[in-house]
Amino acid sequence: MKKSLCVKIILASIILLISFSSCSWFHKKQLPRGKNIICVVDFSDSKNASERLQFYMQVIKDNIIPKLGLYDKISVIPVDVASITNSTDILLTDMSTTDFEPNMASPMEVEQLTTENLKLFKDKLGVSFSKNFQLAIAQRDKTSNGTDIFGVLEVVKGKLKTTDDNYLIMFSDMMNWTDNLIMEESNTNFNYNTIDKCLENVPNVELTKTTVIIITGEQVESSAEHYKLVKSFWSKYFDKNQIKLYDYNSASVSKLNELMLLEVNQDL
């Protein structure tokens, strides 16, 4: 009896061991969550287009790319008259697909070497992004005579991640110029009295789990009052579509820096 009981215990232990092992074999360990950063850059024409685009590029290169984490994703897409028909990625990188940990290193060195490898990767990424951005300026010259912001928001929808925190950084004066809405100061039909009507005539968008920051850059073709009007429209638009507008300003990057340093899943 004792021998039979011992055999049963051994068999039960083996079965449990196989069960636990099977769980680890068939269930891959999930990667930590990261930030999914989508940058939208306005390539439409204006009096200071060249300076404004260089400003946008520099902010992405200096304030976003260097702060990417091990599991973050970043894409940079254009907005102009061809926001939907010609939405080519200027930058598309998923940091989680690269292993930054050294193959052979002592436990004391792993963290330091991983940090160094990550920095080296981001330095190279910044250089390649700058080159691609300059090429995009030349390539999008023919589509710079309009600004389809609602169109690019549809493109953004296809880039959202349900497994990550989504951050939409919009580098644009936000003055939509399409058949359904022209927001330039010369259009007298766009004013504080018509905002609600305009909101009814433009497409809504669903950006689940997305936080938005808007950086317009210097405005040289519109007054301070018109800037406030455009800002008021987009504040109402994002509120109507239940999207969190974290910040809207002309050139400050303080809120952007704050967002980039947030831990994943940290409430804003």
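Numbering starts at 1 and runs along the sequence shown.
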Trace of the side-chain hydrogen bond (donor to acceptor under 3.5 Å, both in side chains) decision for S223 with E185 | CA-CA 8 Å; S223 64; E185 193 163 11; 2.8 Å; yes

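- Not a single salt bridge (Lys or Arg N to Asp or Glu O under 4.0 Å) links D141 to another residue, sequence neighbours left out.
- The aromatic rings of F43 and F133 sit tilted, their planes meeting at an angle between 30° and 60°.
- Placement of I64 and L125 within a single hydrophobic cluster is found when ILVMFWY residues are connected by side-chain heavy-atom separations under 4.5 Å, directly or transitively.
- Listed by chain and residue number, nothing satisfies the salt bridge (Lys or Arg N to Asp or Glu O under 4.0 Å) test with K240 (two or more places apart in sequence, or in another chain).
- Pairs engaging residues 68-85 under the salt bridge (charged side-chain N to carboxylate O under 4.0 Å, His left out) rule: K73-D164, D80-R140 [sequence neighbours left out].
- Evaluation of the salt bridge (Lys or Arg N to Asp or Glu O under 4.0 Å) rule for K122 yields no partner, not counting sequence neighbours.
- A salt bridge does not link K161 with D94: every distance from a Lys NZ or Arg NE/NH1/NH2 to an Asp or Glu carboxylate oxygen is 4.0 Å or more.
- Q58 pairs by the side chain to side chain donor-acceptor pair (under 3.5 Å) definition with D62, not counting sequence neighbours.
- For residues 47-66, the ring-ring contact (aromatic ring centres under 6.0 Å, His included) pairs, not counting sequence neighbours, are Y56-F171.
- Annotation: ring-ring contact (aromatic ring centres under 6.0 Å, His included) contacts involving residues 202-223, sequence neighbours excluded, are absent.
- Checked against side chain to side chain donor-acceptor pair (under 3.5 Å), T88 has the following partners two or more places apart in sequence or in another chain: N86.
- How far CD of E258 is from CG of D247: 8.5 Å, rounded to the nearest 0.5 Å.
- Each salt bridge (charged side-chain N to carboxylate O under 4.0 Å, His left out) pair with one or both residues in residues 167-176, not counting sequence neighbours, would appear here, but there are none.
- Annotation: ring-ring contact (aromatic ring centres under 6.0 Å, His included) contacts of Y237 (sequence neighbours excluded): F150, W234.
- Within a 6.0 Å radius of CG in N201, more than 12 heavy atoms belonging to other residues, nucleotides or ligands are found.
- A donor and an acceptor atom, one from each side chain of S172 and D42, are located under 3.5 Å apart.
- In this model, a donor atom of one side chain and an acceptor atom of the other lie less than 3.5 Å apart for N63 and N257.
- With sequence neighbours left out, K236 forms a salt bridge (Lys or Arg N to Asp or Glu O under 4.0 Å) with D196.
- The one candidate from E218, E51, R52 that meets the side chain to side chain donor-acceptor pair (under 3.5 Å) condition with S46 is R52.
- Remark: N117 pairs with no residue by the side chain to side chain donor-acceptor pair (under 3.5 Å) rule, at least two apart or across chains.
- Within 6.0 Å of CD in Q242 there are 12 or fewer heavy atoms belonging to other residues, nucleotides or ligands.
- In this structure, K255 is positioned above the aromatic face of Y246, its NZ or CZ under 6.0 Å from the six-membered ring centre and within 45° of the axis.
- Within a 6.0 Å sphere centred on NZ of K67, heavy atoms belonging to other residues, nucleotides or ligands number more than 12.
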